[in-house]
Amino acid sequence: TALLVNIFERKSEARNPFFRVVELDDKTDDPAIWGKNFPMQYDAYKRTVDQSRTRYGGSEAIQRTPTEADPRSVVSQSRLEDDPRLKIMWAGYAFAVDFREERGHAYMLDDQTFTERQHVTKQPGTCLNCHASAYTIYNDLGKGDIFKGFEALNKMPYADARKLAKHPVACIDCHNPQTMELRVTRPAFIEGMKNYKESQGIKDYDVNKMATRQEMRSFVCGQCHDEYYFKGADKRLTYPWHKGLKADQMLVYYDAVGQKDWVHKETSAPLLKAQHPEFELWNQGIHSRSGVACADCHMPYTRVGALKISDHHVRSPLLNIANACQTCHRVPEAELKARAETIQDRTFFLRNIAMDALVDLINDIKVARKAGANDEQLTASLMAHRHGQFLLDFVEAENSTGFHAPQEAARLLGLAINYFRQGQNALRGVPGFTGMVASVPSADATTQTVMNLPMVSDSDTRKWVMAVPRAPESQPSPH
Amino acid sequence: TALLVNIFERKSEARNPFFRVVELDDKTDDPAIWGKNFPMQYDAYKRTVDQSRTRYGGSEAIQRTPTEADPRSVVSQSRLEDDPRLKIMWAGYAFAVDFREERGHAYMLDDQTFTERQHVTKQPGTCLNCHASAYTIYNDLGKGDIFKGFEALNKMPYADARKLAKHPVACIDCHNPQTMELRVTRPAFIEGMKNYKESQGIKDYDVNKMATRQEMRSFVCGQCHDEYYFKGADKRLTYPWHKGLKADQMLVYYDAVGQKDWVHKETSAPLLKAQHPEFELWNQGIHSRSGVACADCHMPYTRVGALKISDHHVRSPLLNIANACQTCHRVPEAELKARAETIQDRTFFLRNIAMDALVDLINDIKVARKAGANDEQLTASLMAHRHGQFLLDFVEAENSTGFHAPQEAARLLGLAINYFRQGQNALRGVPGFTGMVASVPSADATTQTVMNLPMVSDSDTRKWVMAVPRAPESQPSPH
Amino acid sequence: MVEGKPSKFGRKLIWVGLALSSLVIGVGAGVGGFTFVYAKGGSYMTNDPKACANCHVMTAQYDGWQKSSHHAVAVCNDCHTPHNFIGKWTTKALNGYHHSLAFTTQNFHEPIQIGPRNLEITENACRNCHADITQQIDHMAFAITAQSSPISCIHCHKNVGHME
Ligand SMILES: [Ca+2]
Ligand SMILES: [Ca+2]
């Protein structure tokens with residue numbers, strides 16, 4: 001009769017989505033309390049502590065000995081160790097000191113607090129917008145006005161702000177506690193979307209009033225998974241979407257406002273760092289265009305008993321292909337994985353070529369400076385460094401390795417390669433500059449590059465997967 | 001028994017969906033005769049004379065005054081006039097003299113016979129393999145052995161071979177006259193697939209015996225829509241698939257066998273021309289991977305009276321979106337068109353950047369030669385010219401403007417840009433070479449490039465289309 | 001498989017099916033039988049689409065069917081059971097047994113995906129209703145050989161039964 005009970009349970013479950021055990025209000029920041037009403041969502045939410053790797057994503061649990069300064073006993077792998085070229089890329093910026101593969105939401109507060117980047121630069125309170133349950137903090141600081149609270153938080157030193165934060169992103173950051181509807185609680189995203197829509201000719205866009213439910217299933221993620229900068233002395237968190245969401249459109253904006261995030265240690269170019277533009281790249285892809293939301297893949301419906309709930313274990317969809325992809329794509333799991341990885345392999349291939357080009361340019365500018373070149377003589381090369389850097393970093397920092405918009409990612413990398421190599425060419429005009437022989441491709445090397453190409457190996461005409469470019473000692477493994 | 005009778009009737013009907021008016025055999029090359037049995041297919045087949053343009057494809061009917069040398073009164077637009085950079089790209093090769101947008105199958109024999117390319121080089125009979133109904137010619141020349149016939153035809157001078165040809169591609173080139181089954185009649189494709197499959201570890205692949213029906217719906221097109229070269233003194237038509245179907249794999253093959261199609265007039269680089277690799281690029285795309293065949297899009301089923309037939313009016317699917325795309329993609333026609341054009345716009349954007357890079361390299365090598373550089377000093381640049389040329393031309397010559405495999409097309413262009421710009425850098429080592437100032441991007445020009453980026457304009461978050469890069473006087477319009 | 005000509009595999013299945021159906025339908029007591037009845041395994045015996053949707057796991061397909069082009073012209077069984085008496089009831093019994101068991105033990109792949117056997121049945125259902133219009137594309141002329149085997153309707157018309 002075990003079977004019978006089972007079936008009985010199933011039938012009744014379907015009609016009882018939840019018991020309202022506790023009352024939730026706009027001050028309830030503790031997810032454990034929400035979890036009393038929604039135990040299944042809460043259980044899954046807690047599982048964002050899990051760590052496992054995919055070819056390019058997920059994360060790996062690396063043990064470490066906790067110290068007083070950094071009490072974490074587990075971190076994720078260092079991307080700087082994976083690919084030392086990144087240190088050259090970011091020389092002079094905090095990222096060159098510590099940059100790790102990102103992992104589940106459960107870690108966001110700790111990972112921000114204890115990253116060594118905190119020791120290099122004095123970070124502002126702004127950081128907390130995306131690494132903590134910030135909604136109640138805004139409300140408290142702003143006395144009910146989240147925009148006021150936002151401004152206050154931005155201006156605080158990180159250490160002070162940090163004391164106000166209790167949880168990583170929590171239920172209240174995405175949900176209205178009364179209705180459980182999705183809502184946007186982040187002023188920076190509200191402003192960003194307003195600016196972006198204005199560039200499209202739409203005035204006074206209000207994301208919380210005008211977005212559809214399906215849009216909200218991406219917008220709640222877009223609150224944090226975007227490119228940003230800290231504007232002005234008030235360190236206002238700002239999304240650079242005033243000209244559009246494409247990387248090259250952001251570049252136009254950054255040039256127009258004269259933003260620079262740091263000055264490169266070797267070349268002195270005024271540079272821009274791109275960060276996790278998942279929302280923006282996704283926007284350029286066919287999935288977005290077909291109305292497929294972040295939550296469709298990263299929080300797919302999953303059956304718990306007779307209920308279908310949104311899987312609050314937010315993670316790489318490649319760890320959960322059946323639920324994340326097969327609802328829409330009726331093909332075997334292995335094939336879906338191969339499709340995603342083929343896209344990622346191509347992105348990674350071009351990304352590596354662009355990375356080499358960047359390193360060559362940096363070395364060349366160094367040599368030119370040694371030869372006595374001044375900033376004016378280097379202008380063209382430095383601008384090429386700036387522009388290429390942002391475009392390459394945009395794809396590098398974007399965490400899907402091109403999956404969210406495969407052709408667009410490749411377009412940006414192609415453009416970046418052009419900037420870097422043009423930047424090298426621009427040095428010709430510099431008196432005394434001869435360039436390094438090492439960066440000159442010999443016929444052999446050229447052929448070598450070709451010979452190192454991914455080779456297909458499997459048998460079916462239509463089923464080949466591009467292998468990761470062969471990695472000699474000097475090449476990094478995929479992150 | 002009513003049911004039973006019904007079933008029987010159905011079955012016999014089914015085997016005779018048409019009236020067999022005439023008997024067809026392996027010598028019936030005239031499509032008009034086949035048309036007596038299959039009037040609907042024949043009517044559509046004849047409509048390949050239609051000409052209309054899409055943004056990047058189709059073709060435009062351009063009137064001209066017939067001459068004795070070239071009696072055509074209508075041709076399609078000249079690609080060389082659309083984009084003068086192509087003349088620099090192909091300098092010294094017949095393509096720099098006459099190259100037009102390709103049009104419907106009805107024109108293939110005439111367009112080949114009367115292209116000015118015929119006056120520049122003495123072409124071999126090999127050309128006819130893909131521009132005429134060649135099956136009966138092979139049979140005649142080879143006395144029943146199409147491979148013998150193939151070898152004989154290849155070796156003939158074009159003018160002699162031309163006399164044997166009566167029709168453009170006809171029913172008999174794709175169909176078995178007894179069963180109407182699809183079949184491959186082109187030895188070059190049979191050999192090409194055998195070589196390719198061997199590189200995948202499959203021995204003795206025989207396309208006519210081993211392909212599924214769905215595969216044949218692409219293979220009949222793959223008979224002609226591929227990259228090829230004329231091998232050896234016998235001018236054997238050969239598909240360079242021995243290392244794989246990707247462009248860079250073909251490059252490895254061409255380097256290994258030391259093939260060169262021509263020597264560039266300005267640089268003296270030993271170059272390769274790529275031609276219409278639709279079959280190869282399609283193979284890298286998601287449609288191919290999902291089992292979608294050429295015929296699915298280019299000969300979609302169409303309803304004629306009470307029957308459904310394959311539309312033998314082979315043409316751009318963008319002129320026929322309802323049948324070509326909408327059975328699989330339930331979205332509005334305008335949206336499907338926009339999706340395809342977004343892909344094409346991105347490809348065209350990168351293609352133009354690569355084209356500029358190529359022109360810069362050619363100019364630089366010219367300057368270096370003037371400065372007295374010899375071949376040895378130029379080796380690296382010349383190899384870069386060779387490799388980049390093939391990759392850029394591969395995408396340029398492929399007729400879907402990247403649609404058949406969007407990310408792969410962008411990957412190849414990114415690689416090509418890297419070769420060209422590296423080729424310029426390699427000239428640094430050349431004594432006396434200073435380079436041209438014109439090709440140096442000033443900070444302004446760099447920003448300018450960014451400012452010239454496609455700007456989004458429409459309003460819906462998820463519905464924007466990338467506009468074609470703004471085209472100043474000096475830039476070509478899309479072909 | 002060409003219409004009306006059960007494959008070897010198909011014929012074997014008919015026998016297995018008959019055996020199983022007697023097992024399922026015939027059993028009056030025991031958990032297996034009770035489960036079947038309680039879970040409305042009997043739904044399989046009617047033609048009413050709502051009956052299929054008795055199992056909540058079929059809801060998505062039911063909803064999809066309601067939005068589909070065939071909503072007015074075909075019910076579940078028109079597409080998911082063979083268009084002949086024996087085949088129809090064998091299939092019902094096989095699927096009924098299998099689905100009840102799967103549902104009760106909750107042991108099945110999600111999302112639910114049509115298997116090769118049921119796919120073939122569905123393909124044949126298409127051909128059965130649409131023989132008139134599809135004969136040109138289905139049977140290329142005179143001979144029926146390996147290569148002239150039909151290409152899948154569902155390759156192009158995936159959405160006709162269940163709008164996505
Ligand atoms: Ca990760
Ligand atoms: Ca054309």
Side-chain angles (χ1 to χ4, degrees), chain A residues 200-202 215 243-244 246 248-249 251-252 255 283 286 288-289 291 339 343 346 349-350 353 357 379-380 383-384 387 402 406-408 410-411 413-415 417-419 421-422 424-426 428-429 434-435 437 439-443 446-447 450-451 453 455-459 461-464, chain B residues 200-202 215 243-244 246 248-249 251-252 255 283 286 288-289 291 339 343 346 349-350 353 357 379-380 382-384 387 402 406-408 410-411 413-415 417-419 421-422 424-426 428-429 434-435 437 439-443 446-447 450-451 453 455-459 461-463:
Chain A
Q200 308 296 302
I202 300 166
E215 284 176 329
K243 310 263 173 190
K246 295 199 192 81
D248 25 20
Q249 293 171 325
L251 211 41
V252 175
D255 280 356
N283 256 292
I286 189 75
S288 159
R289 191 159 188 140
R339 287 183 187 182
I343 290 168
R346 287 202 194 104
F349 176 89
L350 268 192
I353 288 177
T379 315
M383 286 309 284
H387 291 156
Q407 195 200 15
E408 174 70 359
R411 183 182 75 87
L413 291 172
L415 211 48
I417 292 168
N418 195 44
Y419 276 123
R421 296 300 185 193
Q422 280 282 66
Q424 289 183 273
N425 280 322
R428 285 173 184 176
T434 47
V437 183
S439 74
V440 178
S442 72
T446 315
T447 312
V450 176
M451 299 301 293
L453 284 175
M455 281 292 152
V456 297
S457 61
D458 35 347
S459 55
T461 326
R462 245 169 284 90
K463 292 282 150 79
W464 48 78
Chain B
Q200 307 297 304
I202 299 166
E215 284 175 328
K243 310 262 174 189
K246 296 199 191 79
D248 25 20
Q249 294 172 324
L251 212 41
V252 174
D255 280 357
N283 257 292
I286 190 75
S288 158
R289 192 157 186 141
R339 286 183 187 183
I343 290 169
R346 286 202 195 105
F349 176 89
L350 268 193
I353 288 178
T379 316
L382 297 177
M383 286 309 284
H387 291 156
Q407 194 198 17
E408 174 70 359
R411 182 181 75 87
L413 290 172
L415 210 49
I417 292 168
N418 196 43
Y419 276 122
R421 296 300 185 193
Q422 280 281 65
Q424 288 182 273
N425 279 322
R428 284 173 184 176
T434 47
V437 184
S439 73
V440 177
S442 74
T446 314
T447 312
V450 175
M451 299 302 293
L453 284 175
M455 281 293 154
V456 297
S457 61
D458 37 345
S459 55
T461 327
R462 246 169 283 88
K463 292 281 149 78

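In what follows, chains are A, B, ... by sequence order, proteins preceding strands, each numbered from 1. For the numbers below, each heavy atom of this structure counts, side chains included, while hydrogens, waters and symmetry mates do not.
For a residue to count as touching a neighbouring chain, one of its non-hydrogen atoms must lie under 4.5 Å from one of that chain's; by this rule A:I286 touches chain B with the side chain only. Interface residue A:L350: only side-chain heavy atoms are found under 4.5 Å from chain B.
Separation of atoms CD1 (B:I353) and CD (A:Q422) is listed at 10.0 Å; rounding is to 0.5 Å. The distance from atom CZ of A:R428 to atom CZ of B:R428, rounded to the nearest 0.5 Å, is 8.0 Å.
Side-chain atoms of A:R421 and B:I417, non-hydrogen and from C-beta on, never get closer than 4.5 Å to each other.
Judged by distance alone, the side chain of B:Q407 and the main-chain N or O of A:I343 form a donor-acceptor pair under 3.5 Å.
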